[in-house]
Structure formats: structure tokens, C-alpha cells
Amino acid sequence: MLFLPSVAWAEEPTAASNATALDTVWTLIASFLVFIMQAGFAMVETGFTQAKNAANIVMKNLIDFCSGSIIFWLVGFAIMFGVDAGGFIGTTGWGTTGTFEHLGLKIPLYAFLIFQTVFCATAATIVSGAMAERTKFVAYLIYSFVISAVIYPVVGHWAWGGGWLSQRGFIDFAGSTVVHSVGGWTALVGAAMVGPRRGKFGPDGSVRAIPGHSITLGALGVFLLWFGWFGFNPGSTLSGTTPDIARIAVTTNLAAAAGAFGGLILPWLRFGKPDVSLTLNGTLGGLVGITAGTAAVSPMGAVIIGFLSGCVTALGVEFMDKVLKVDDPVGAVSVHAFSGAFGTIMVGLFAVEGGLFYGGGVSQLITQLIGVAAVFAWTVVTAAILFAILKVTVGLRVSEEEESEGLDIYEHGIQAYGDFVLRGTQVH
């Protein structure tokens, strides 16, 4: 029989301390679920792009999390959650030092830090897919530092850190705009400035498909993201003792399922066949769309928002190709920017308390529109400045030879599938 030494407790557990313990454990578990989304992003982006760039995609998704974790801890967290200065930015707590009592946290600061870190990493990693297959690794590394240190934290402060949007009553519970649209708008600017992949558009402007190498990996990524979203949305309560987490999990799941049907039915009606990639992205669009209002809308509202967000995603892919002529290999802008903005605006209509369709008038809708517009303006301007500087310094784009042969070999000296003969390559 194993005898364990007795433990002397400093004080007897109370109902309050037990609640704090449960809230802390729940927040940490949710953080770990959100971390799994990094694998999801990596698999979606790898599957939807060419095999010759798979290792490069994996490296970008790994390193943006690593660099983001460090710089967000040192700088970004203070900008986002430090004591408010004029509603625009936080100014205390660099390196997560000092007191954050103004936040009124009921969990340890470090639990809150790790939860916010994985959120920051989500915003940063969205861009890699939109700029895939032609962007220099060093440029992407620098970008990851800047968005994690400044671009994302400023928006986070506006909405979640006591800034002017939160003071106005802006609702973005888990980040349709704060996280996803920030990443999506940045992706739009980056993809536009780096230019399309060679062969994506014909001389007459016609769109040419460049198929990804593994729909299986893409599907795996979507399932991992869906799974991680059960930490993303319910975890944003920061409480394992509130019954709200169950309802939020339901609205999250319903919106994802409905989003899949949006991505399935609309293209099927228009083009005669159910498209697998658009259905997968429609699922993600539904998840992104519901993230703002997941705690504020009814299950039926979640189904409507999710379905429409899936449609927005499908239409957004076509809009990017045929109207904007911006090459986004994985549909990141459509999923995160367009559906994120759409879902945030829908809160003004479907929120059970304050939504237009529930007798709340237009006040909440106007606030949601202002928030979406402000985040769009901030992100597009700062991202344009950042990528312009990178373009004239380290450079954004690899050479034609590097793009043709694949970034894996030229950027990293390795092939992701070394034992296979890749499409378009020759064995010497």
C-alpha cells in the first residue's frame, strides 16, 4: 500500500476559493483548446496549397505562435489590458509586471495571460494562408512581431481592455472582429501587396485554379478548428461555474453546422456541384460569424447567422478572384474578414437584449457598424504601412525561380514529402 504524506493546507477551502479554482482550470483548458487551432490553421493552409510549399506553411504557423507568445507577453498584453489612456491604448504592465487590479479578474493573471496569448496567435496566423506560396519567410516573421505587439493589441484594448468601443457598448464576445477581422483585413492588404501567384490570372484577367495538394489535410484542419472553437467561445466567459458555457457551446456548434450548409447549398445551386473546399470554408465562416454574438443570440439566431456567414464566405471567395483580383489561396480573407465583419454586424439585429429584431432599436446596430468600420480603417492603414516598409527593406516576395520550384527547398532546404515525386517537378 502506498502511503502519501499529509498536506497541511494554509486555509480551508471555501465556496469562493473553489469557484476560483474551477474558473482557473476551465480557462486553462479553454486556452489549450484554442492552442489546438494552430494545428488546424496549419493543416487547412497546407492542404489548400501546393505540396512544394507545405514545410514553409508549417514553419510560418509554428514561428508566428512562438514569436507572438514572446512579444505579446512583453508588449502586446500591456497595450491591450494596461490602464486605459484616452480610450485608445493601455500604458501600464509592460512584461506583465505591476498590478492589473483594474481588470477585476476572478482568475490568476497568468491564466488570463495564456488565454489572451492564444487569441493573439490566432489573429496573427490567419495571414499566412492568404499570402502563401510567394512570401519571404523573413518578411512574415517581422510581420508576426508587429501584429502581435501593436496592431492586434490596440484593437483588443478598444473592445476588451476598457477602450472607447467597450465604453460605447460594442459587442464582440469572443472576437469576430477583434481577432478574425483584424487577421483577415491584414491578410487582404498583405495578399494585395505581395501580388498573385504566377499563373493565377490569365492575360485577360481570367481566373485560373491552382489546386491544393490535399483536401484530406484541409478537412482535418477544419475539424481541428471546430474542436478548438469550443474553447474559443465558451472559454471567453473565463468561468467554469457559469451555466452560460453550455448555451454558448450550442450556439457555436449550430452556427458551424449551418455555415457548412451555406457553403454547400449556394455554390451547388450556382454551379451545379457541391464544392468540398467551399463547404469546409463555409463551416469556418459560420464559426467566425457567430463568435461575436455567441453569448447574445438565441440558438435560432445562431443558425441564421451561421448559414448566412457560410454564404458570405462562398461569395467572398468569388469576389476576391473576380472583382478584387487578389489571390488568396485558402480563402482566409473571405472566412475571417468578410464573415467576421458580417457576424459582428448581425449582433445588432439578433441580440436577444438590444437587437433590432427583438425591439431594441437601431442603437446597438449603429455601434456594431462603427466598431467594424473603425477596426477596418485601423487595420488596413497600419498593415499597409507595415507591408510597404517590408517591401522596400527585406522584400515581400520570393523570386520567380523560388516560387516555381517551391519555398520548401529555397527557404528551408527541405521537402515536406521527400519520398514522393511532386507534381511539376523532374527527377534528375
To check you understand the geometry: which heavy-atom pair defines the closest contact between [X] and [Y], and what is its length?
{"X": "Phe119", "Y": "Ser236", "value": "CZ-OG, 3.5 Å"}
{"X": "Gly175", "Y": "Trp160", "value": "N-CZ2, 3.5 Å"}
{"X": "Met131", "Y": "Ala191", "value": "CG-N, 3.7 Å"}
{"X": "Pro211", "Y": "Ala209", "value": "CD-O, 3.6 Å"}

*Among residues two or more places apart or on two chains, list those pairs meeting side-chain hydrogen bond (donor to acceptor under 3.5 Å, both in side chains) that have a residue in residues 218-232.*
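Checked against side-chain hydrogen bond (donor to acceptor under 3.5 Å, both in side chains) - neighbours excluded - the pairs reaching residues 218-232 are Trp226-Asn253, Trp229-Thr291.
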Would you find a donor on one side and an acceptor on the other, under 3.5 Å apart, between the side chain of [X] and the backbone of [Y]?
{"X": "Glu133", "Y": "Thr49", "result": "no"}
{"X": "Ser176", "Y": "Val288", "result": "yes"}
{"X": "Arg397", "Y": "Val194", "result": "yes"}
{"X": "Asp408", "Y": "Ala54", "result": "yes"}
{"X": "Asp321", "Y": "Val207", "result": "no"}
{"X": "Glu403", "Y": "Arg134", "result": "no"}
{"X": "Arg197", "Y": "Asp327", "result": "no"}
{"X": "Gln364", "Y": "Val347", "result": "no"}
{"X": "Thr294", "Y": "Thr251", "result": "no"}
{"X": "His336", "Y": "Val127", "result": "no"}

_Looking at Arg270 and Glu318, is there a salt bridge between them, counting it only when a charged N and a carboxylate O are closer than 4.0 Å?_
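Judged by the 4.0 Å cut-off on N to carboxylate O distance, Glu318 and Arg270 do form a salt bridge.
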*Considering the options Phe41, Phe232, Phe338, Trp185, which one meets the ring pair (Phe, Tyr, Trp, His ring centres under 6.0 Å) requirement together with His180?*
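One option only clears the test, and that one is Phe232.
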*Non-hydrogen side-chain atoms of Phe48 and Leu280 separated by less than 4.5 Å*: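 Yes, side chains in contact.
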*Are any of the side-chain heavy atoms of Val326 and Val333 separated by less than 4.5 Å?*
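Val326 does not reach Val333 side chain to side chain.
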*asked:* Assess the residue pair His157 and Phe88 against the criterion (side chain to side chain contact (heavy atoms under 4.5 Å, CB included)); give the C-alpha distance rounded to whole Å, side-chain angles, the decisive distance to 0.1 Å, and a yes or no.
replied: CA-CA 7 Å; His157 184 79; Phe88 183 77; 5.8 Å; no
Would you check if there is a donor-acceptor pair between the side chains of [Y] and [X] at a distance under 3.5 Å?
{"X": "Thr252", "Y": "Asn233", "result": "yes"}
{"X": "Asp64", "Y": "Thr125", "result": "yes"}
{"X": "Thr379", "Y": "Thr186", "result": "no"}

*Does Gln167 have any side chain to side chain donor-acceptor pair (under 3.5 Å) partners at least two apart in sequence or in another chain, and if so, which?*
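Listed in chain order: nothing, the list is empty.
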_How about CH2 on Trp268, more than 12 heavy atoms from neighbouring residues, nucleotides or ligands closer than 6.0 Å, or not?_
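Counting other residues, nucleotides and ligands, CH2 of Trp268 stays at 12 neighbours or fewer.
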*asked:* Tell me if the CZ atom of Phe65 is crowded by more than 12 foreign heavy atoms within 6.0 Å.
replied: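 Counting other residues, nucleotides and ligands, CZ of Phe65 exceeds 12 neighbours.
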